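The structure appears below as structure tokens.
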Amino acid sequence: MNIKVLYFARIKESVNYSTEDIVLPADVNTVVALKMLLAERGEVWADLFSGKQVVRAAINHELVDDMMALKDGDEVAFFPPVTGG
Amino acid sequence: MTVRVQTEDFDVGAELAAMRLASKDIGALVNFVGQVRDMNDGDVVSTLTLEHYPCMTERSLESIEVEAKSRWNIVDSLIIHRVGKLQPLDQIVLVAVTSAHRGEAFKACEFIMDYLKTRAPFWKKEATADGERWVEAKISDDDAQGRWANAIDKPVSDK
């Protein structure tokens with residue numbers, strides 16, 4: 001399946017991407033599986049996505065937890081805990 | 001219910017007057033204004049830059065307003081949140097709630113701010129003499145939101 005991934009704030013600066021399109025392998029169908037896939041890129045990706053840091057996720061503009069399933073065409077966003085207000 | 005995310009400043013007096021005069025069944029108007037401080041974690045802050053996630057920001061703020069309206073008998077609510085580069089003394093956020101009586105408006109206003117702090121996708125980056133740094137989320141903000149989790153109309157910690 002094809003998804004769009006967005007990165008924000010500290011995470012965007014660390015990975016040096018704001019957005020990318022990813023074609024997922026068949027066995028990557030949840031947020032946590034996507035995080036593990038990104039962590040395999042090594043370096044800063046491993047630091048961010050292997051579970052050591054708190055990285056929040058949203059699918060199609062809704063906050064979700066790591067077990068949420070992914071669907072073809074989803075917009076997935078990763079960002080640090082929010083600090084507005 | 002209104003949500004605005006904008007770079008421009010806002011006129012609190014004009015916004016509150018418009019809300020207050022909207023209906024004769026309004027007996028209370030409660031509001032909160034957040035502004036940029038010149039100190040954070042012991043360092044002087046010269047500028048604060050707010051990033052956000054367009055679309056998700058508006059949707060999350062709207063859903064917080066819907067949740068507040070479902071919990072309390074309020075007439076209307078307004079959230080204005082600024083993004084972009086701000087300086088100390090600049091206004092960041094306005095939350096205002098109208099209701100027939102003050103109790104509902106006080107609670108709904110605090111609830112909206114507590115949820116905004118932990119659910120709306122804004123991120124602050126501050127410039128200090130040592131350079132720029134991202135502001136870290138505070139555990140106390142999660143605690144403030146958590147108070148409302150099991151409460152119909154009041155924080156759990158309110159005995």
Side-chain angles (χ1 to χ4, degrees), chain A residues 2-22 30-32 34-35 38 43-85, chain B residues 3 5 32-37 40-41 48-64 79-84 86 91-95 109-110 112-126 131-142 144-145:
Chain A
N2 295 277
I3 60 166
K4 183 176 184 181
V5 181
L6 282 69
Y7 307 96
F8 288 95
R10 177 168 48 76
I11 293 175
K12 176 175 71 181
E13 290 184 354
S14 297
V15 303
N16 214 12
Y17 272 111
S18 58
T19 178
E20 62 176 320
D21 294 313
I22 300 180
T30 60
V31 171
V32 68
L34 173 58
K35 283 184 172 179
L38 294 172
E43 306 279 328
V44 295
W45 297 89
D47 277 348
L48 285 168
F49 291 105
S50 60
K52 285 180 285 187
Q53 297 196 31
V54 179
V55 175
R56 302 259 194 256
I59 298 179
N60 303 327
H61 307 127
E62 298 278 353
L63 273 176
V64 295
D65 66 41
D66 277 6
M67 298 317 295
M68 183 61 77
L70 299 172
K71 301 183 310 296
D72 189 50
D74 275 348
E75 177 174 306
V76 182
F78 290 114
F79 44 80
V82 302
T83 55
Chain B
V3 163
V5 179
F32 171 85
V33 176
Q35 74 171 3
V36 181
R37 276 176 293 124
N40 193 30
D41 291 335
L48 189 67
T49 306
L50 275 130
E51 179 178 332
H52 77 122
Y53 180 2
C55 295
M56 181 175 171
T57 314
E58 289 81 356
R59 278 182 64 163
S60 68
L61 295 176
E62 283 160 8
S63 76
I64 292 166
I79 304 174
I80 302 176
H81 203 300
R82 293 177 69 191
V83 292
L86 302 173
Q91 304 183 116
I92 305 177
V93 61
L94 169 65
V95 173
C109 187
E110 188 172 22
I112 290 171
M113 266 314 296
D114 285 350
Y115 266 62
L116 182 158
K117 284 284 225 183
T118 53
R119 299 189 68 83
F122 294 101
W123 302 276
K124 289 183 182 132
K125 189 185 214 182
E126 55 192 15
E132 290 193 313
R133 65 185 184 196
W134 291 98
V135 174
E136 295 295 326
K138 294 190 180 69
I139 299 291
S140 58
D141 288 334
D142 287 329
Q145 190 217 301

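What you see is a predicted model; the values in this text were computed from it and never measured. First the proteins, then the strands, lettered A, B, ... as listed; each starts at 1.
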Do you know which of Val54(A), Leu6(A), Leu63(A), Val82(A) has the most heavy-atom pairs under 4.5 Å to chain B? Val82(A)
Looking at chain B, which one of Ala77(A), Ala9(A), Pro81(A) has the largest number of heavy-atom pairs inside 4.5 Å, strictly under? Ala9(A)
For Asn2(A), which residues count as a side-chain contact (heavy atoms from CB on, under 4.5 Å) partner, sequence neighbours excluded? Val23(A), Asp72(A)
Show me the donor-acceptor pairs under 3.5 Å between chain A and chain B.
{"unit_1": "Ala9(A)", "atom_1": "N", "unit_2": "Glu51(B)", "atom_2": "OE2", "d": "3.0"}
{"unit_1": "Lys12(A)", "atom_1": "NZ", "unit_2": "Glu51(B)", "atom_2": "OE2", "d": "3.2"}
{"unit_1": "Glu13(A)", "atom_1": "OE1", "unit_2": "Trp134(B)", "atom_2": "NE1", "d": "3.0"}
{"unit_1": "Glu13(A)", "atom_1": "OE2", "unit_2": "Lys125(B)", "atom_2": "NZ", "d": "2.5"}
{"unit_1": "Glu62(A)", "atom_1": "OE2", "unit_2": "Arg59(B)", "atom_2": "NH2", "d": "2.9"}
{"unit_1": "Glu75(A)", "atom_1": "OE2", "unit_2": "Tyr53(B)", "atom_2": "OH", "d": "2.5"}
{"unit_1": "Pro80(A)", "atom_1": "O", "unit_2": "Trp123(B)", "atom_2": "NE1", "d": "2.9"}
{"unit_1": "Thr83(A)", "atom_1": "N", "unit_2": "Phe122(B)", "atom_2": "O", "d": "2.8"}
{"unit_1": "Thr83(A)", "atom_1": "O", "unit_2": "Lys124(B)", "atom_2": "NZ", "d": "3.3"}
{"unit_1": "Thr83(A)", "atom_1": "OG1", "unit_2": "Lys124(B)", "atom_2": "N", "d": "2.9"}
{"unit_1": "Gly84(A)", "atom_1": "O", "unit_2": "Lys117(B)", "atom_2": "NZ", "d": "3.3"}
{"unit_1": "Gly85(A)", "atom_1": "N", "unit_2": "His81(B)", "atom_2": "NE2", "d": "2.9"}
{"unit_1": "Gly85(A)", "atom_1": "O", "unit_2": "Lys124(B)", "atom_2": "NZ", "d": "2.8"}

Nearest heavy atoms of Gly85(A) and Met113(B), plus distance in Å: CA-CE, 4.2 Å
